[in-house]
Student: 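Please find one structure pasted underneath; my questions will follow.
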Amino acid sequence: QVQLVESGGGSVQAGGSLRLSCAASPYTYKTKCMGWYRQAPGKEREAVAVINSGGIPSYSDSAKGRFTISKDNDNVKRTVYLEMNMLKPEDTAIYYCAAGGPRKCTVRAGQGDFAYWGQGTQVSVSS
């Protein structure tokens, strides 16, 4: 069964923090590459951060130094996290959890390289 459920979105002021969570089904959690993408109004969906099955992360330039992606090391919680600090108004978007990505798990992977997607969670940052 394929399932990805995001949570943790919300509204914050610039400079604030949010932590997104993506709870995955057992099958989905075993995939080689999982991550977070986002889509702002009028813009294309873009990669934010991805992480491979070994826990090695890859970040977009806009996320480096501010966001941290991590995943549970056991097969019980099966959750991928995105810790977002120093948020900016330009971070406002719907954030999507993705799984089933390629073996070469980097942010260069296009959204078409991921097989499974969550419904998304809204993040709004006000100035």
Side-chain angles (χ1 to χ4, degrees):
Q1 181 183 4
V2 175
Q3 188 175 24
L4 295 169
V5 179
E6 302 102 333
S7 61
S11 298
V12 296
Q13 289 190 327
S17 300
L18 282 173
R19 188 195 198 200
L20 305 183
S21 299
C22 173
S25 61
Y27 173 81
T28 312
Y29 199 65
K30 292 178 181 178
T31 59
K32 294 179 177 59
C33 184
M34 297 183 68
W36 291 91
Y37 278 66
R38 69 185 182 186
Q39 187 166 18
K43 294 188 176 181
E44 292 187 356
R45 194 173 296 190
E46 62 176 1
V48 177
V50 298
I51 188 166
N52 69 7
S53 55
I56 298 174
S58 173
Y59 297 97
S60 67
D61 287 342
S62 63
K64 283 178 184 175
R66 300 189 300 128
F67 295 0
T68 303
I69 188 171
S70 61
K71 60 184 296 188
D72 288 310
N73 289 324
D74 57 56
N75 213 27
V76 177
K77 290 185 179 178
R78 298 189 302 273
T79 303
V80 176
Y81 305 95
L82 185 68
E83 185 77 34
M84 303 186 294
N85 299 311
M86 296 182 287
L87 283 162
K88 305 174 182 179
E90 50 263 44
D91 294 317
T92 295
I94 298 175
Y95 283 69
Y96 296 92
C97 181
R103 182 181 295 273
K104 191 172 183 180
C105 186
T106 74
V107 288
R108 294 190 186 90
Q111 56 174 317
D113 294 325
F114 285 81
Y116 313 114
W117 292 87
Q119 293 300 306
T121 184
Q122 177 71 47
V123 171
S124 299
V125 185
S126 58
S127 57

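Quantities reported herein were computed from a predicted structural model and do not represent experimental measurements.
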Student: What about Val107 and Tyr96, same hydrophobic cluster or not, with Ile/Leu/Val/Met/Phe/Trp/Tyr joined at side-chain heavy-atom distances under 4.5 Å?
Tutor: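 Cluster IDs for Val107 and Tyr96 match.
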Student: Quick one: are Val123 and Leu20 in side-chain contact, heavy atoms under 4.5 Å?
Tutor: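 Result yes, sub-4.5 Å side-chain heavy-atom pair found.
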Student: Do you know which two heavy atoms are closest between Ala47 and Ser60, and how far apart they sit?
Tutor: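 That would be O-CB, 3.5 Å.
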Student: Following the transitive rule for hydrophobic clusters with a side-chain heavy-atom cut-off under 4.5 Å over Ile, Leu, Val, Met, Phe, Trp and Tyr, establish whether Tyr116 and Val48 coincide in one cluster.
Tutor: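 Per the 4.5 Å side-chain linkage, Tyr116 and Val48 are co-clustered.
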Student: Between Trp36 and Phe67, is the gap from one ring center to the other below 6.0 Å?
Tutor: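 Aromatic pair excluded; centres sit 6.0 Å or further apart.
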Student: Take Asp72 and Tyr29 through the test side-chain hydrogen bond (donor to acceptor under 3.5 Å, both in side chains) and record every step on the way to the result.
Tutor: CA-CA 10 Å; Asp72 288 310; Tyr29 199 65; 4.9 Å; no
Student: Any chance you could lay out the salt bridge (Lys or Arg N to Asp or Glu O under 4.0 Å) test for Lys64 and Asp61, step after step, and finish with the verdict?
Tutor: CA-CA 5 Å; Lys64 283 178 184 175; Asp61 287 342; 3.5 Å; yes
Student: Let me confirm one number: the OG-NZ distance from Ser127 to Lys88, rounded to the nearest 0.5 Å.
Tutor: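 NZ of Lys88 is found 13.5 Å from OG of Ser127.
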Student: Keeping the roles fixed (side chain from Glu83, backbone from Thr68), state whether a donor-acceptor pair exists under 3.5 Å.
Tutor: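 Answer holds: no.
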Student: If we ignore hydrogens and angles and just use 3.5 Å, is the side chain of Thr79 paired with the main-chain N or O of Lys77 as donor and acceptor?
Tutor: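 Yes; judged by distance alone, with no hydrogens or angles, the pair exists.
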Student: Working to the nearest 0.5 angstrom, can you tell me the gap between Thr121 OG1 and Leu82 CG?
Tutor: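 Thr121 atom OG1 to Leu82 atom CG measures 11.0 Å (nearest 0.5 Å).
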Student: Find the distance between CZ (Arg78) and SG (Cys22) and round it off to the nearest 0.5 Å.
Tutor: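 Arg78 atom CZ to Cys22 atom SG measures 11.5 Å (nearest 0.5 Å).
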Student: Does the side-chain contact (heavy atoms from CB on, under 4.5 Å) test come out yes or no for Asp91 and Arg66, once each step is laid out?
Tutor: CA-CA 11 Å; Asp91 294 317; Arg66 300 189 300 128; 2.7 Å; yes
Student: With a 4.5 Å limit on heavy-atom distance, are the side chains of Arg19 and Tyr81 in contact?
Tutor: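 A side-chain contact exists here, since the closest heavy-atom pair is under 4.5 Å.
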Student: Would you find a donor on one side and an acceptor on the other, under 3.5 Å apart, between the side chain of Glu6 and the backbone of Gln119?
Tutor: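 Judged by distance alone, yes, a pair lies under 3.5 Å.
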Student: Where is the tightest heavy-atom contact between Met34 and Thr28, given as atom of each residue plus distance?
Tutor: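 Of all heavy-atom pairs spanning Met34 and Thr28, the closest is SD-O, 4.1 Å.
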Student: Grab the two heavy atoms, one from Pro89 and one from Ser126, that are nearest each other, plus how far apart they are.
Tutor: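 Looks like CG-C, 4.4 Å.
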Student: Return yes if some donor-acceptor pair links the side-chain N/O of Ser25 with the main-chain N/O of Gln3 below 3.5 Å, else return no.
Tutor: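 Flag set: sc Ser25 to bb Gln3 pair under 3.5 Å.
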Student: Output the distance between atom SG (Cys33) and atom CD1 (Ile51), rounded to the nearest 0.5 Å.
Tutor: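 One finds 9.5 Å between SG of Cys33 and CD1 of Ile51.
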Student: Indicate the atoms forming the closest heavy-atom contact of Asp113 with Pro102, along with that distance.
Tutor: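 It is O-CD, 3.7 Å.
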Student: Looking only at the side chains, is there a donor atom on one of Arg45 and Tyr37 sitting less than 3.5 Å from an acceptor on the other?
Tutor: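 Side-chain D/A pair, Arg45 to Tyr37: absent.
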Student: Would you mind reporting whether Tyr95 and Gln122 have side-chain heavy atoms less than 4.5 Å apart?
Tutor: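 Not touching, per the 4.5 Å side-chain cut-off.
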Student: Can you check whether Val125's main-chain N or O pairs, donor with acceptor, with Thr92's side chain at less than 3.5 Å?
Tutor: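 Flag set: sc Thr92 to bb Val125 pair under 3.5 Å.
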Student: Are Val50 and Phe114 close enough that some pair of their side-chain heavy atoms sits under 4.5 Å apart?
Tutor: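 In short, these two side chains touch, coming nearer than 4.5 Å.
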Student: Can you find a heavy atom in the side chain of Ser62 that is under 4.5 Å from one in the side chain of Arg38?
Tutor: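 Answer yes - side chains close enough.
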Student: So, Thr31 side chain and Gly100 main chain: donor-acceptor pair closer than 3.5 Å or not?
Tutor: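 Answer holds: yes.
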Student: Looking at CD1 of Ile69 and CD1 of Ile56, how far apart are the two atoms once the value is rounded to the nearest 0.5 Å?
Tutor: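 Separation between the atoms: 12.5 Å.
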Student: State plainly whether one hydrophobic cluster holds both Val5 and Val80, where clusters connect Ile, Leu, Val, Met, Phe, Trp and Tyr through side-chain heavy atoms under 4.5 angstrom apart.
Tutor: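 Not linked; separate clusters.
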